[in-house]
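Have a look at the structure below before the remarks.
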Amino acid sequence: MVGHARFVWNKALRLNLDRLAQGLPIVRYNDLCGLLRLWKQSEEYGFLAEANAQALQQKLRDLDRALTDAFDPAQRMKRLPRFKKRGEGDSFRLPQNVKVENSHVFLPKIGWVCFFKSRDIIGAIKQATVIREADGWYVSIQTEQEISEPELHAGTAIGVDRGVAVFAATSEGEIVEPLSAGARERRRLARLQSKLARQRKGSKNRAKTKAKIARLHQRIRRQREDFLHKLSTRWSKSHALIVLEDLRIGNMTRSAKGTVENPGSRVSQKAGLNRAILDQGWGEFARMLDYKLAECGGHLLLVPPQRSSQECSKCGHVAAENRPTRDLFRCVACGHTGHADVNAAKIVLRRRLWIMGNQLAS
Ligand SMILES: [Zn+2]
């Protein structure tokens with residue numbers, strides 16, 4: 001199923017990239033489904049009929065969405081979708097007829113499959129996504145249930161700055177240490193990667209090393225998710241309003257500041273990996289805060305990022321000289337001194353007034 005779904009994604013993507021190269025409009029979801037029917041009837045691609053038809057259609061739906069996002073001016077960070085490789089994010093989604101009984105799940109066209117039920121399934125089952133990870137197969141089940149409107153949150157409002165050397169700082173002065181892969185994982189990853197580079201392509205040992213690297217990445221990802229879940233749960237419970245800079249818009253140069261190293265050095269490799277983990281973490285963190293706050297009756301607010309690192313939270317003076325070092329803020333106008341990221345978080349919190357003022361005005 002994952003193989004067929006990947007094949008359909010790649011074939012439809014190739015078709016659309018070719019059309020784009022010729023200046024033709026892309027083929028949208030409904031027409032792609034029509035093409036899929038033709039492929040299944042053909043001798044060459046008849047094997048596609050073996051897979052669940054809806055799972056293949058869902059892949060086309062995902063591709064349509066990815067292509068739409070790529071050309072959406074409001075989502076500047078999005079790029080054109082990529083071809084899928086075997087073993088990288090293998091998955092398919094079943095939008096209907098999924099059933100669960102005790103520790104068995106019914107997947108259309110596959111049948112009843114035994115699984116380890118990690119938590120109770122509450123509500124009506126809507127769809128299931130089957131994912132291949134480094135250590136086996138996972139099924140994620142989406143349900144629907146009615147919930148009552150949460151009571152208004154009684155907590156405070158905070159601004160949060162995405163720090164340069166730290167993961168985050170709040171307007172209340174909390175500094176969250178950076179999220180980084182453990183030193184042991186980093187050393188192991190570097191060792192495995194240099195081993196992989198020495199191994200002969202297509203050899204069994206190379207495949208083994210690859211599997212080890214994939215499991216290590218999985219481990220690092222899970223550590224990251226655990227960290228983000230704990231922090232976002234704690235903040236969502238204690239604050240009614242959390243204000244973040246909207247990093248999907250505006251420039252990303254500030255986040256690159258302070259990570260200048262010698263390219264190619266060991267330090268650089270380590271910083272690069274941590275940087276990558278941090279980058280993946282921030283968007284995920286905002287998403288978690290958004291839904292967790294909604295569950296608690298609170299709100300997440302995104303404000304435009306603009307020179308919050310140079311503005312004094314006490315007198316409002318903006319100057320590059322206000323930031324003599326990466327961590328220190330010292331206002332040249334009023335003399336206010338403090339942690340640079342905490343000062344920035346206070347500015348972020350104040351910017352909620354711009355947004356609220358605009359809403360009142362409109
Ligand atoms: Zn000042």
Side-chain angles (χ1 to χ4, degrees), residues 76-77 153-180 228 231-232 234-261 271 274-275 278-279 281-283 285-286 288-290 293 298-362:
R76 271 198 258 161
M77 304 292 287
H153 203 306
T156 53
I158 53 163
V160 179
D161 180 57
R162 175 186 179 164
V164 170
V166 300
F167 176 72
T170 75
S171 53
E172 292 183 338
E174 181 181 347
I175 289 162
V176 182
E177 286 307 311
L179 160 67
S180 64
L228 297 174
L231 186 63
S232 57
R234 180 160 67 82
W235 281 357
S236 306
K237 282 184 176 161
S238 49
H239 302 294
L241 179 72
I242 298 181
V243 189
L244 302 182
E245 282 186 315
D246 190 350
L247 294 173
R248 290 167 307 171
I249 53 171
N251 65 50
M252 299 289 289
T253 51
R254 196 171 69 85
S255 60
K257 214 166 114 183
T259 56
V260 184
E261 328 89 10
N274 279 342
R275 193 75 237 168
L278 204 66
D279 286 344
W282 194 255
F285 185 59
M288 287 178 184
L289 279 178
D290 194 24
L293 279 164
H299 286 285
L300 177 74
L301 188 68
L302 298 176
V303 296
Q306 266 158 28
R307 294 207 293 175
S308 61
S309 60
Q310 299 175 7
E311 188 176 334
C312 173
S313 64
K314 210 157 198 182
C315 74
H317 184 70
V318 180
E321 296 75 42
N322 282 351
R323 191 106 177 235
T325 68
R326 190 186 64 190
D327 296 336
L328 181 69
F329 188 91
R330 193 169 55 219
C331 179
V332 291
C334 77
H336 166 64
T337 315
H339 192 288
D341 294 323
V342 173
N343 179 76
K346 287 180 180 168
I347 298 295
V348 169
L349 178 64
R350 190 172 300 158
R351 291 211 172 136
R352 79 188 186 281
L353 300 174
W354 293 8
I355 303 271
M356 289 170 170
N358 285 341
Q359 278 172 352
L360 286 177
S362 59

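Atoms within each ligand, like the ligands themselves, are counted from 1 in listed order. Everything quoted here is computed from the prediction, not taken from an experiment. FYI, side chains are in, hydrogens and waters are out, and symmetry mates aren't considered; it's all heavy atoms of this structure.
One distance of note links CG of Asp341 with CG of Asp327; it measures 6.5 Å at 0.5 Å rounding. The distance from the CG atom of Leu300 to the CG atom of Leu289 is 6.0 Å, given to the nearest 0.5 Å. Here the straight-line distance linking atom OG of Ser313 with atom NZ of Lys346 works out to 4.5 Å at 0.5 Å rounding.
Distances from the Zn ion (ligand 1) show that His336 has no N/O/S atom below 2.8 Å. Among the backbone and side-chain atoms of Cys315, an N/O/S atom is found under 2.8 Å from the Zn ion (ligand 1).
The angle that Cys331 SG and Cys312 SG make at the Zn ion (ligand 1), rounded to 10°, works out to 110°.
More than 12 heavy atoms of other residues, nucleotides or ligands sit less than 6.0 Å from atom NE2 of His336.
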